[in-house]
Enquirer: 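This is the structure, below, for whatever I ask next.
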Amino acid sequence: MSGESATGNTTWDVIVVGAGPAGASAARAVAEAGRRVLLVERAELPRYKTCGGGIIGPSRDALPPGFDLPLRDRVHAVTFSLDGRLTRTRRSKRMLFGLVDRPEFDRRLVDSAVRAGARLRTGVTVQRVEQHGPEVPDRRTVAVRLAGGETILARAVVGADGSAGRTAAHVGVRVNRVDLGLEAEIPVPPEVAADWRGRALIDWGPLPGSYGWVFPKGNRLTVGVISARGEGPATRRYLEELTARCGLAGFEPELSSGHLTRCRAEDSPLSRGRVLVCGDAAGLLEPWTREGISFALRSGRLAGEAAVRMAVAGDAVETRRRAVEYADAIGRGLGAEMGVGRRLYAAFTHRPALLHTALVGFPPAWSAFAGIVRGSTNLADLTRDHATVRRVVTALDRLDARRPDVPGEAGASLHREPGEGAGPADDDHGQDTGGTRDIPRR
């Protein structure tokens, strides 16, 4: 890494815009390749982001070697409910997933990139990205214009500045779904925290495609919901009702926030010239659960590696080849997972009762869920490698094609009445807690 100032007159090999998990992962990949990389972030770090903070297996596996993961809790049990009813708790002897506070987690990722050799500038707002015009000295250079008039140059740019960022607009990212997530961070007394320790709640919500969660993080609980944009008042009511059902309405939230998630269209571009996008900026997330951290970490590293190759590309043909290689890598991995996730989201939107019943009453479905969150498999691999899963997903597709006009009504006959058995708890043969009409205590 050269000793040139981050504000000096230099052309960086790569500029990464946005210092979330995607940007930090990209910057570290570039630095590890021995290239000069500048990581710019609009906010001062650490900064809060609306996010449940769940670290599933694919996220853990994408972290840098030796990364000190700051877990606030380790989840071994999940309580599933259908809009507060028909609850079942599944338990596992092995950890399912971990939980982090995003400000601390993101800061450590950035620190890891800086230790690898990346330069960091915070409090920097990108106004536009240019690949032609008077500020661009040649066709191998990208100009990044900052608020205040400064321009910085690079051979390649990685956009990781979120779904509404400047780089996504420059590339022309297209989305086919926008959802609204609302969340509250609620400090609770020790006895309440102990009741939730090691256990998360996932509630399939009253709005089409919606669900809510309660995640334990030491002396705080993260309570959140997500639903389609355009249902703002109903989504807020859902958050209030979920909080009340869990017995948490009497506690004052430390922080309440909202965030829009955008899921890319399948044919949306991932690059334009020497600019690549990853993570939220590319609309990469799991369409059913809207999980984005693992997609950010994995696509960030792929984008960083592609940017290294793009930075030394001598002409437009080679630049395009590197962009196609990046798109192919995303398509084979994350794109395949998103394809299955879209099919599950469609089925869930119109038949939440069916998927709820499968998770709590069909042991292979719970085993698949546990394998996915632990990282031993993923949706694409399950569908490709197991004929039974392929048949189930295909059957869901057919049901969705014949769906009724009112989402969620079909499959109601699959509801179990409270007290009915739901089969073995999980692949570890752990305990299955019977259902009640309220969110259960431990």
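As the structure is a computational prediction, the values presented were derived from the model and not from experiment.
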Enquirer: Which residue in the set Leu242, Asp83, Ile202, Asp203 passes side chain to side chain contact (heavy atoms under 4.5 Å, CB included) when paired with Tyr211?
Expert: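 That would be Ile202; it is the only one of Leu242, Asp83, Ile202, Asp203 passing the side chain to side chain contact (heavy atoms under 4.5 Å, CB included) with Tyr211.
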Enquirer: Are Arg119 and Val37 side-chain neighbours, meaning at least one heavy-atom pair lies under 4.5 Å?
Expert: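 In short, these two side chains do not touch, never coming nearer than 4.5 Å.
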Enquirer: In this structure, are over 12 heavy atoms from other groups packed under 6.0 Å from Arg47 atom CZ?
Expert: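 Yes, CZ of Arg47 has more than 12 neighbouring heavy atoms, counting only those of other groups under 6.0 Å.
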Enquirer: Is the side chain of Ser92 donor-acceptor paired with the backbone N or O of Arg94 at a distance under 3.5 Å, no angle test?
Expert: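 Yes; at least one donor-acceptor contact below 3.5 Å.
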Enquirer: Enter the distance from Leu359:CG to Arg90:CZ here, rounded to the nearest 0.5 Å.
Expert: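 Result: 8.5 Å between the selected atoms.
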Enquirer: Quick one: do Glu32 and Arg28 make a salt bridge, cutoff under 4.0 Å?
Expert: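 Salt bridge: yes.
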Enquirer: Should Asp161 and Arg166 count as an ion pair when the cut-off is N to O under 4.0 Å?
Expert: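 Not counted as a salt bridge, because no side-chain N and carboxylate O are separated by less than 4.0 Å.
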Enquirer: Roughly how far, to the nearest 0.5 Å, is the CD atom of Glu135 from the CZ atom of Arg145?
Expert: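 Between Arg145 CZ and Glu135 CD, I get 4.5 Å after rounding to 0.5 Å.
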Enquirer: Within the supplied structure, the quantity of interest is the number of heavy atoms (other residues, nucleotides, ligands) at a distance under 6.0 Å from Arg74 CZ; does it exceed 12?
Expert: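 For Arg74, atom CZ is not crowded (no more than 12 foreign heavy atoms under 6.0 Å).
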Enquirer: Would you say the side-chain atoms of Lys217 pair up with the backbone N or O of Asp73, donor to acceptor, closer than 3.5 Å?
Expert: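 Pair absent, no side-chain N/O of Lys217 close to backbone of Asp73.
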Enquirer: Working to the nearest 0.5 Å, report the span between OG1 of Thr122 and CG of Leu45.
Expert: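 Result: 6.0 Å between the selected atoms.
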Enquirer: Please give me the minimum heavy-atom distance between Phe251 and Pro187, naming the atom from each residue.
Expert: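 Phe251 and Pro187 have their closest heavy atoms at CB-O, 3.8 Å.
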Enquirer: What's the spacing between Phe215 CZ and Glu183 CD if we round to 0.5 Å?
Expert: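 Rounded to the nearest 0.5 Å, the CZ-CD separation comes to 8.5 Å.
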Enquirer: Using a 3.5 Å distance criterion without hydrogens, assess whether the side chain of His259 forms a donor-acceptor pair with backbone atoms of Thr50.
Expert: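 Checking the backbone N and O of Thr50 against the side chain of His259, no donor-acceptor pair under 3.5 Å is found.
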Enquirer: Are side-chain N/O atoms of Glu231 and Tyr238 paired as donor and acceptor at under 3.5 Å?
Expert: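 Looking only at side-chain atoms, Tyr238 and Glu231 do not form any donor-acceptor pair under 3.5 Å.
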Enquirer: Which atom pairs, one a donor and one an acceptor, fall under 3.5 Å between side chains of residues 13-25 and the rest of the protein, sequence neighbours left out?
Expert:
from	atom 1	to	atom 2	distance (Å)
Asp13	OD2	Arg36	N	2.8
Ser25	OG	Leu297	O	2.9
Ser25	OG	Arg301	N	3.2

Enquirer: Could you grab the distance from atom CG of Asn219 to atom CZ of Arg197, nearest 0.5 Å is fine?
Expert: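 Going from CG on Asn219 over to CZ on Arg197, the span is 10.0 Å.
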Enquirer: Could you check, using the six-membered ring where one of them is a Trp, whether Trp213 and Trp196 have ring centers closer than 6.0 angstrom?
Expert: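 No, the ring centres sit 6.0 Å or more apart.
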Enquirer: Over all heavy atoms of both residues, which pair between Ala200 and Phe97 is shortest? Give the atoms and the distance, please.
Expert: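 Closest approach of Ala200 to Phe97, heavy atoms only: CB-CZ, 4.0 Å.
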Enquirer: For Ile330 and Ser299, which heavy atoms make the closest approach, and how far apart are they?
Expert: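 So the minimum-distance heavy-atom pair works out to CD1-CB, 3.8 Å.
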Enquirer: Just by distance, do the side chain of Ser112 and the backbone of Arg108 share a donor-acceptor pair under 3.5 Å?
Expert: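 Not confirmed, Ser112 side chain does not pair with Arg108 backbone.
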Enquirer: A cation-pi test, strictly: NZ or CZ of Arg298 under 6.0 Å from the centre of the six-membered ring of Phe295 and no more than 45 degrees from its axis. Yes or no?
Expert: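 Satisfied, under 6.0 Å and within 45°.
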Enquirer: Between Arg155 and Thr141, do the side chains contain a donor N or O and an acceptor N or O under 3.5 Å apart?
Expert: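 Yes, a side-chain donor-acceptor pair sits under 3.5 Å.
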Enquirer: Hey, are the side chains of Val312 and Arg35 touching, using non-hydrogen atoms and a 4.5 Å cut-off?
Expert: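 Heavy-atom side-chain distance check passes, below 4.5 Å.
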Enquirer: Can you name the nearest heavy-atom pair linking Cys278 to Gly300, along with the distance?
Expert: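 Reported closest heavy-atom pair: SG-CA, 3.9 Å.
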Enquirer: Calculate, to the nearest 0.5 Å, the distance between atoms CZ and SG belonging to Arg290 and Cys51 respectively.
Expert: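 Reported value, rounded in 0.5 Å steps: 13.5 Å.
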Enquirer: Give the ring-plane orientation class for Phe80 versus Trp204, where under 30° counts as parallel, over 60° as perpendicular and anything between as tilted.
Expert: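 Parallel, since the angle between the ring planes stays under 30°.
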Enquirer: Taking the side chain as everything from C-beta on, heavy atoms only, tell me whether Leu71 gets closer than 4.5 Å to Val100.
Expert: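 The answer is yes; the side chains approach within 4.5 Å.
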Enquirer: Has Arg177 got a side-chain atom pairing as donor or acceptor with Pro287's backbone, closer than 3.5 angstrom?
Expert: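 It does hold such a pair.
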Enquirer: Any chance CZ of Arg320 has more than 12 other-residue heavy atoms, nucleotides or ligands included, within less than 6.0 Å?
Expert: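 No, the 6.0 Å shell around CZ holds no more than 12 heavy atoms from other groups.
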Enquirer: Looking at Ala307, is its backbone amide N or carbonyl O close enough to the side chain of Arg322 to form a donor-acceptor pair, meaning the two atoms are under 3.5 Å apart?
Expert: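 Answer holds: no.
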Enquirer: Assess whether a salt bridge exists between Arg139 and Asp315, defined as any Lys/Arg side-chain N lying under 4.0 Å from an Asp/Glu carboxylate O.
Expert: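 Salt bridge flag = no for Asp315 with Arg139.
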Enquirer: Identify the heavy atoms of Thr349 and Pro208 that sit nearest to each other, and give their distance.
Expert: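 Shortest heavy-atom contact: CG2-CB, 3.8 Å.
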